[in-house]
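Input: a single structure, listed below in structure tokens.
From a predicted model like this one, the values you see are computed outputs, not experimental measurements. As the structure lists them, so they are numbered: ligands from 1, and atoms in each ligand from 1. Computed over heavy atoms, backbone and side chain alike; hydrogens, waters and symmetry mates excluded.
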Amino acid sequence: TTSTEIPNIELTNDELEDMDVLSGLELSASSDIDVPPNLIDQVIGQEHAVEVIRKAAVQRRHVMMIGTPGTGKSMLAKAMAELLPKEELQDILVYPNPEDNNNPIIRTVPASRGKQIVNAHKVEARKKIQMRSTLIMLLIIGIIGYAIITYQWLMGIIAAAFIFMALKYSTPREETMVPKLLISHDPNTPAPFVDGTGSHAGALLGDVRHDPFQSGGLETPSHDRVEGGAIHRAHGGVLFIDEINTLTPHSQQNLLTALQEGTFPITGQSERSSGAMVRTEPVPCRFVMIAAGNIDAIQGMHPALRSRIRGYGYEVYMRETMEDTPENRKKFLRFIAQEVKNDGKIPHFDRGAMLEVLREARRRSNRKGHLTLKLRDMGGLIRVAGDLARQEGAEFTSVKHVLAAKSASRSIEDQISDEYIRRSRDYDITVVEGTRIGRVNGLAVMGSDSGSVLPVMAEVTPSQGATGTVIATGMLKEIAKESITNVSALIKKFTGKDVRNMDIHVQFIGTYGGVEGDSASVTVATAVISAIENIPVRQDVAMTGSLSVRGDVLPIGGVTYKIEAAAKAGIKKVIIPRSNLDDVLIEDHYRTMVEVVPVDHIEEVLQNALVPENREGFLSKLRKMAVTPTTIFDPN
Ligand code: ADP
């Protein structure tokens, strides 16, 4: 047969040692690794982004970062705040405006001076109040004295009571004149990092609180109700906004104004609140903006805002994987040490545990010779493993904790896919034994790390119209549709039948989320050929692969997850493109469950999937038609 043993390309720990994975470092645990103090030096694998951030920090430029969640975008934004000079930071104060109560005055002072000023005002106000009360007390004593001398008791007491009440219940004007500290800084803290992700207008742009008592001496003075927004708190620092496209167009427009002016007045954001009448003088907000999102964030973004960032800054695409070189492996180990240190509660990882995490990083990269950079998820795995070790009271986190954490911290998609497999078994949707005509088990990936068996059915009917058509159902998206078109070219050639007088129906089963990509084209071709030629297909075989119009089997993504899903569903043999062989990083216990068959050409797929008794006639007919596969294979 054409099947080959899958080479063991996952390295065992011993082999890793042989390869001098730690570059000669005598590491026994992650506690031996030094963690750099600066955040920017802790970022791994995103060298380009780090370089841009360093440059942008010097020049105070805006940055747009596009990429998968958990690759370090907000970490880089924080790191940039650390790089900005803190000498230029300012405190912002709001003063009442005696001329126009609704237009409070804004003043800036050097960082950490604000608090002193407000305190000085408070002391002053208290002194004045004290003086006032002393005066009033003297007045009361005078009146009472006068009353005693002149025997006018009643008048004296009434007058004293009036004065006392007036003192107690009127807010002294001095107190209401103390300025409000809107933004303040400690002299030793770095430039601010403000996360404005998902803020509503008030939180982003500042607001003026509503005052239920708007007159009669009980109202809160308007300057006291002014609240700074994220843009103001970020003054002199970094404003980070993830998923930038989820901000309302109105907020994006205002954000643009703030970027252009470097100031933005604060006004009440809610129309019907008494705060809406108040509008401060312009409040400074010179921040560096870091906008982030995944690739469709670009589409949802206000075009003027995007062009502003592009015109006055940089755009960076975040990497999802890095090459598995000794140097990068070392960085990855440092990442483990960082996560342990930053968590602060979990025990350090021993050598074995570190190598197991490294192995998982290789697996999750989904690409040969690479390590994943979706590090938030990896951090999650590290913390779960560490927690398990801590619960046990272990001194170090070891391999067994990492393995247990791996099965505990599975993605939602993976858990759903398991549930789906279980349920579809109950209803016989998944067929993993026997043979069927026109039915093939394909494989698909859900989310980013979860495979599933995706059956495809084909049926051929006499054509109703003048020419035959291929009808595909199952919520196919663009690329999937095109792949069907390519497959039909191949079928014409392969079956040699006049497809003009038949309609070919192809149905993808259970694809409620739609089908994307062309990794099912091998499956579709097999199902259709089986239906046209009436040759049954083995149901214990599953397959994945893209198909060229000439019948070559081309590489696809997610091969590891697909094989694992097939094994879980009870499939015995999985056909994959040969060029994906190096991407196969399935876990050990799946190795005994499935046989993996790498192929180069559709003919090999048919050889493996069609039932032997019926296929030979067809295959020899194929050969006679001189459809030469690019690789020659031994039919035995
Ligand atoms: P994003 O903003 O891209 O969604 P984050 O910056 O919030 O991702 O990353 C979450 C966490 O994952 C970080 O706090 C850090 O612990 C870890 N992390 C992510 N990317 C990196 C990286 N490139 N280097 C080191 N740690 C990382």
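- Applying the side-chain hydrogen bond (donor to acceptor under 3.5 Å, both in side chains) test to Thr267 and every residue at least two apart in sequence or in another chain returns nothing.
- A salt bridge links Arg54 to Asp41: one of the charged nitrogens lies within less than 4.0 Å of a carboxylate oxygen.
- Looking only at atom types and distance, the side chain of Lys115 has no donor-acceptor partner in the side chain of Ser184 under 3.5 Å away.
- Sorted by chain and number, the residues within 4.0 Å of ligand 1 by heavy atom are Gln42, Val43, Ile44, Gln46, Pro69, Gly70, Thr71, Gly72, Lys73, Ser74, Met75, Phe335, Glu339, Leu375, Arg376.
- Side-chain contact check for His401 and Glu392: at least one donor-acceptor pair (N or O, by modelled atom type) lies under 3.5 Å.
- With respect to Arg367 and Glu320, no salt bridge is recorded, no charged nitrogen being found less than 4.0 Å from a carboxylate O.
- A salt bridge is defined here as a Lys NZ or Arg NE, NH1 or NH2 lying under 4.0 Å from an Asp or Glu carboxylate O, and Asp324 with Arg329 meets this definition.
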